[in-house]
*Asks:* 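Okay, here's the structure, questions in a sec.
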Amino acid sequence: MSDIVFLRAWYSIQPRKFYNPVTSLLLSDKERWQGMRLTGQVRREQGVKTPTNVNSLYKPIERPARRFNPLKVPKKLQAALPYASKPKVMKPQHRATYMQKRAVVLEPEEKKALALLQQVRALRKDQVARRREKQEERRAAHRKKVEKEEAKKSEKEKEKRKEYMRAAGMKSKRETEAMEGGRSNKRRKT
């Protein structure tokens with residue numbers, strides 16, 4: 001008894017359509033008739049708030065920040081590892097390096113040249129973006145055109161196939177009639 005068998009057996013049923021006959025419309029004054037009020041309408045008229053389940057309210061998720069212990073590779077294992085796989089452990093620098101300490105002061109001509117270069121780069125970037133947008137538009141138009149052509153082509157192929165199958169069916173019908181011995185059971189009018 002170790003086999004598990006899943007039997008997918010169900011029967012489709014059509015649920016009955018529910019209808020609620022309103023017999024009070026048989027009254028002589030049909031304009032005054034009013035159906036039963038919805039729960040929301042009753043609450044609004046009586047000024048009662050919708051009951052809320054405290055457990056169903058959204059609360060901000062508070063997760064403590066996870067702190068992972070640093071990976072410690074034993075000294076013997078580090079010595080056995082190839083150079084590329086050895087952990088690169090560098091001590092944090094307390095003193096500022098030469099690159100951090102030095103101050104870069106540009107000459108007025110250098111400032112102008114740098115500003116000009118930035119402007120040229122910005123213009124180039126804008127030009128490339130516009131060119132890309134235009135290219136995308138052209139591609140979209142081309143894609144639409146190709147899709148239309150493909151649709152027409154598939155429609156024509158479908159028609160051809162249909163015509164061919166109809167002809168093949170007529171041919172096979174004629175052949176079977178010929179095999180049966182001449183004409184079918186239809187009588188000739190004389």
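None of the values given here were measured: they were computed from a predicted structure.
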*Asks:* Holding to side chain to side chain donor-acceptor pair (under 3.5 Å), I want the full list of residues that pass it with R44, two or more places apart in sequence or in another chain.
*Replies:* none

*Asks:* So, using side-chain contact (heavy atoms from CB on, under 4.5 Å) as the criterion, who are the partners of M99 when residues are at least two apart?
*Replies:*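 With sequence neighbours excluded, M99 shows a side-chain contact (heavy atoms from CB on, under 4.5 Å) to T97, R102, given in chain and number order.
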
*Asks:* Can you name the nearest heavy-atom pair linking K101 to A96, along with the distance?
*Replies:* CE-O, 3.5 Å

*Asks:* Using modelled atom types and a 3.5 Å cut-off, is there a donor and acceptor pairing between side-chain atoms of Q78 and backbone atoms of P87?
*Replies:*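 Checked: no pair found.
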
*Asks:* When you measure from the side chain of K59 to the backbone N and O of N55, does any donor-acceptor pair fall under 3.5 Å?
*Replies:* no

*Asks:* How about R132 and V128: do any of their side-chain heavy atoms sit closer than 4.5 Å?
*Replies:* yes

*Asks:* Checking T52 now: which residues fulfil side-chain contact (heavy atoms from CB on, under 4.5 Å) with it, not counting sequence neighbours?
*Replies:*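 So T52 forms no side-chain contact (heavy atoms from CB on, under 4.5 Å) with any residue.
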
*Asks:* Kindly compute the distance separating CG (L116) from CD (Q119), expressed to the nearest 0.5 Å.
*Replies:*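 Separation between the atoms: 6.0 Å.
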
*Asks:* To the nearest 0.5 angstrom, please state how far the CE atom of M179 sits from the OG atom of S172.
*Replies:*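 Nearest 0.5 Å value for the CE-OG distance: 12.5 Å.
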
*Asks:* Check P15 against I13 and note the closest heavy-atom contact, atom names and distance.
*Replies:* CD-O, 3.6 Å

*Asks:* Within the structure provided, determine whether H142 and R139 are in side-chain contact (heavy-atom separation under 4.5 Å).
*Replies:*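 Not in contact.
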
*Asks:* What pairs meet the salt bridge (Lys or Arg N to Asp or Glu O under 4.0 Å) rule with one or both residues in residues 143-157, with sequence neighbours excluded?
*Replies:* E136-R143

*Asks:* Do K88 side-chain atoms and K86 backbone N/O form a donor-acceptor pair below 3.5 Å?
*Replies:*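 Yes, the answer is positive, given that a donor and an acceptor are paired below the 3.5 Å cut-off.
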
*Asks:* To the nearest 0.5 angstrom, please state how far the NZ atom of K158 sits from the NZ atom of K160.
*Replies:* 15.5 Å

*Asks:* Assess whether salt bridge (Lys or Arg N to Asp or Glu O under 4.0 Å) is satisfied between E137 and K134, documenting all intermediate values.
*Replies:* CA-CA 5 Å; E137 286 173 14; K134 282 184 182 176; over 6 Å; no

*Asks:* Hey, quick one: are Y58 and V54 part of the same hydrophobic cluster, counting side-chain heavy atoms closer than 4.5 Å, chains of contacts allowed?
*Replies:* no

*Asks:* Is it the case that atom CD in Q93 sees more than 12 heavy atoms from other parts of the structure closer than 6.0 Å?
*Replies:*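 Incorrect, the count does not exceed 12.
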
*Asks:* Please name all residues satisfying side chain to side chain donor-acceptor pair (under 3.5 Å) with E133, sequence neighbours left out, ordered by chain then number.
*Replies:* none

*Asks:* Output all residues satisfying side chain to side chain donor-acceptor pair (under 3.5 Å) with N69, sequence neighbours left out; order by chain, then residue number.
*Replies:* none

